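Before any comments, here is the structure.
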Amino acid sequence: MTIDGAILAAGFGTRMASPIPKVESVVLGETLVSYPWRALLSLGPRLGTIHVVVRPEGFLRNPGLVDPSGQEPALVVQQVMDGTWGAVEAVATSDRFLGGKATHLLVVNGDGPLLDEGLLEQFAVLGEAHPGFLCLATAELSDPRGYGRIIRNVDGEVVDIREESRASEEEKRIREVNAGIYLIPRDILLSAVAKIPPDPVKKERFLTTLVSRVVSGGGAVHTFPMTPECMLGVNTQEELARVTALLRERINRCHMERGVTLWDPSRTDIGPKVEIGAGTVIMPQTVLEGKTRVGPSCRIGMGVHLADTVVGSGVTVRDFVVATESRLGDGSVVGPFSHLRPGTDLGEESHLGNFVETKKTVVGAKSKVNHLSYIGDAEIGSNTNIGAGTITCNYDGYDKHRTWIGSGVFVGSDTQVVAPVRIGDRAVIAAGSTVTTDVPDDALLLSRAPQEIRPEGGVRYHRRREKRSEGKNGRSAPKKKEIE
Ligand code: UD1
Ligand code: MG
């Protein structure tokens, strides 16, 4: 049995009332359509191609359909938005499907992110046990509104699926609904091409009409019961929020079972691909997304946002840190209020402190950039101390330039390093310097404007101010000479 997957993702989702196509809505940092994609990938060796049905203009943003083993989605364009059967028919008539060896097509809606991975596997096993049957997943819902109802005959056999728009009052009371997951044998699929008429009310060709067609042709339909929690679809913003909450709960429960402490799981958003080591404690309002990996025994503060970031073990991320595509070495300490832009690589036990912004910057082991700095396009060795307010001037208005700062260096506060420039090992830069030339190893660089002391100058200044304010209060303004 070889199963091709099909994700129906061409509908715009008008009930969402948003300019963003429904399946591109983001749930815990990943697009809606990427959830069924990952669930299908879990079919492993049984899986052939995954076809993704899209609108003629394709996806507006990168949908994140990535497979670690290299499978690429086979995009199939549905030229006319004429319903879910139109989408399936586009796959059934595509060269990729017709030229492939798939014995079955496993169809899933692109708007159902709660499918969990083991579930599709069980569904495939059911299909193997019932070759030649059209298999579909169903669930009992306390509130079945909006879903297609499963119509069974007196013997309990499925004979039809009735969409809400066509259901009688009695049918609307049926609580068994169509989950939108179907395993269709190749011959059933191909025999239905161009044979499914549009629904008289909605004028769309419904995939669900395939059921009555199979039954009337003497075929059989097998159902696979699943829990309501796994099948909820997203048609409205409210449903998007509901499935996000369910996914959040499911993902967070998984991490807690593996020894992660979440102060408040209802207020911690962790994406489906994120990995976290045991003994790590995460405070509320924190978001971990993308391919973020957090090692064991870390402490992640409040309001932290990590995207595609790798955090080593024993790392402290204090409150309100934002990091994207960065690496935080073992034992490093970051924040509060630090902004790590892509390409930041912090060495073991390094420190990055308050109001520090970094970009494409390597900070060596045990080095410190503790206060109010911008360090961009730079490489800093180990055991170096970067003083408060240090700025790498990496951009001359035309190009970006790099800064190299060696190991064991002491950079005094309020230093500007005008790139490209190289500061050697163990060099000392005096506070307030503007570094425009390379500094050799072990040298001291001092660049300051000359200073002047005028004794009693302060007294004269304050006297001048007093006189001026007397003038403003109605008295005659002092003459210039008087003041001097
Ligand atoms: C569908 C089912 C319903 C089921 C429910 C489960 C049909 C007719 N109805 O209803 O029985 O209970 O899912 O969630 O299938 N799409 C396309 N091209 C189109 C139209 C839709 O690719 O022309 C895609 C959508 O992007 C979406 C999926 O198909 O991902 C389902 O479409 P949707 O409009 O959400 O169907 P439902 O009304 O939810
Ligand atoms: Mg839907």
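Numbering of ligands and ligand atoms starts at 1, following listing order. In this text the structure is predicted, and so the values were computed from the model without any measurement.
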Original post:
Taking the Mg ion (ligand 2) as the centre, how many protein N/O/S atoms fall inside a distance shorter than 2.8 Å?
Top reply: 2

[atom] - nearest protein heavy atom and its distance:
{"atom": "atom 32 (O) of ligand 1", "result": "Thr84 CG2, 3.8 Å"}
{"atom": "atom 4 (C) of ligand 1", "result": "Asn178 O, 3.3 Å"}
{"atom": "atom 27 (C) of ligand 1", "result": "Leu8 O, 3.6 Å"}
{"atom": "atom 26 (O) of ligand 1", "result": "Gly11 N, 3.0 Å"}
{"atom": "atom 35 (O) of ligand 1", "result": "Asp111 OD2, 2.9 Å"}

**OP:** Find out whether the Lys NZ or Arg CZ of Arg38 is both under 6.0 angstrom from the six-membered ring centre of Tyr35 and within 45° of the ring's axis.
**Re:** yes

Is it true that the side chains of [X] and [Y] contain a donor and an acceptor less than 3.5 Å apart?
{"X": "Ser266", "Y": "Asp264", "answer": "yes"}
{"X": "Arg152", "Y": "Thr223", "answer": "yes"}
{"X": "Asn235", "Y": "Lys22", "answer": "yes"}
{"X": "Thr208", "Y": "Glu163", "answer": "yes"}
{"X": "His401", "Y": "Asp377", "answer": "no"}

Report yes or no: does [X] have a heavy atom closer than 4.0 Å to ligand 1?
{"X": "Arg15", "answer": "yes"}
{"X": "Gly112", "answer": "no"}
{"X": "Val177", "answer": "no"}

Original post:
Name the one of Arg96, Arg186, His51, Lys101 that satisfies side-chain hydrogen bond (donor to acceptor under 3.5 Å, both in side chains) with Asp4?
Top reply: His51

Original post:
For Arg149, which of Glu170, Glu164, Glu171, Glu176 qualifies under side-chain hydrogen bond (donor to acceptor under 3.5 Å, both in side chains)?
Top reply: Glu164

Between [X] and [Y] (salt bridge meaning N to carboxylate O under 4.0 Å), is one present in this structure?
{"X": "Glu24", "Y": "Arg55", "answer": "yes"}
{"X": "Glu325", "Y": "Arg341", "answer": "no"}
{"X": "Lys291", "Y": "Asp308", "answer": "no"}
{"X": "Lys202", "Y": "Glu204", "answer": "no"}

Original post:
Stepwise, does the side chain to side chain contact (heavy atoms under 4.5 Å, CB included) test hold for Asp199 with Arg205?
Top reply: CA-CA 6 Å; Asp199 174 80; Arg205 294 190 296 155; over 6 Å; no

Using a 4.0 Å heavy-atom threshold (strictly under), name the region of [X] that reaches ligand 1: side chain, backbone, both or neither.
{"X": "Ala10", "answer": "both"}
{"X": "Thr208", "answer": "side chain"}
{"X": "Met231", "answer": "neither"}

Original post:
Counting only heavy atoms not in Arg258, do more than 12 sit closer than 6.0 Å to its CZ atom?
Top reply: no

Does [X] reach ligand 1 with a nitrogen or oxygen that is under 3.5 Å from one of the ligand's nitrogen or oxygen atoms?
{"X": "Met81", "value": "no"}
{"X": "Glu163", "value": "yes"}
{"X": "Gly110", "value": "yes"}
{"X": "Val23", "value": "no"}

**OP:** Assess whether side chain to side chain contact (heavy atoms under 4.5 Å, CB included) is satisfied between Met16 and Gln237, documenting all intermediate values.
**Re:** CA-CA 6 Å; Met16 297 290 282; Gln237 297 289 346; 3.9 Å; yes

Need the ligand 1 atom indices (1-based, order shown) with element for anything under 4.0 Å from a heavy-atom of [X].
{"X": "Ala87", "result": "17 (C), 18 (N), 22 (O)"}
{"X": "Asn235", "result": "35 (O), 39 (O)"}
{"X": "Gln78", "result": "17 (C), 18 (N), 19 (C), 22 (O), 23 (O)"}
{"X": "Gly148", "result": "3 (C), 4 (C), 11 (O), 12 (O)"}
{"X": "Gly83", "result": "18 (N), 19 (C), 20 (C), 23 (O)"}
{"X": "Lys22", "result": "35 (O)"}

Original post:
Closest heavy-atom contact between Ser326 and Gly343?
Top reply: OG-N, 4.4 Å

Subject >> Shortest heavy-atom approach to atom 28 (C) of ligand 1 - which of Asn109, Asp82, Val53, Val52 >> reply: Asn109

Subject >> Residue pairs passing the ring pair (Phe, Tyr, Trp, His ring centres under 6.0 Å) test where at least one lies in residues 296-320, sequence neighbours excluded >> reply: Phe320-Phe337

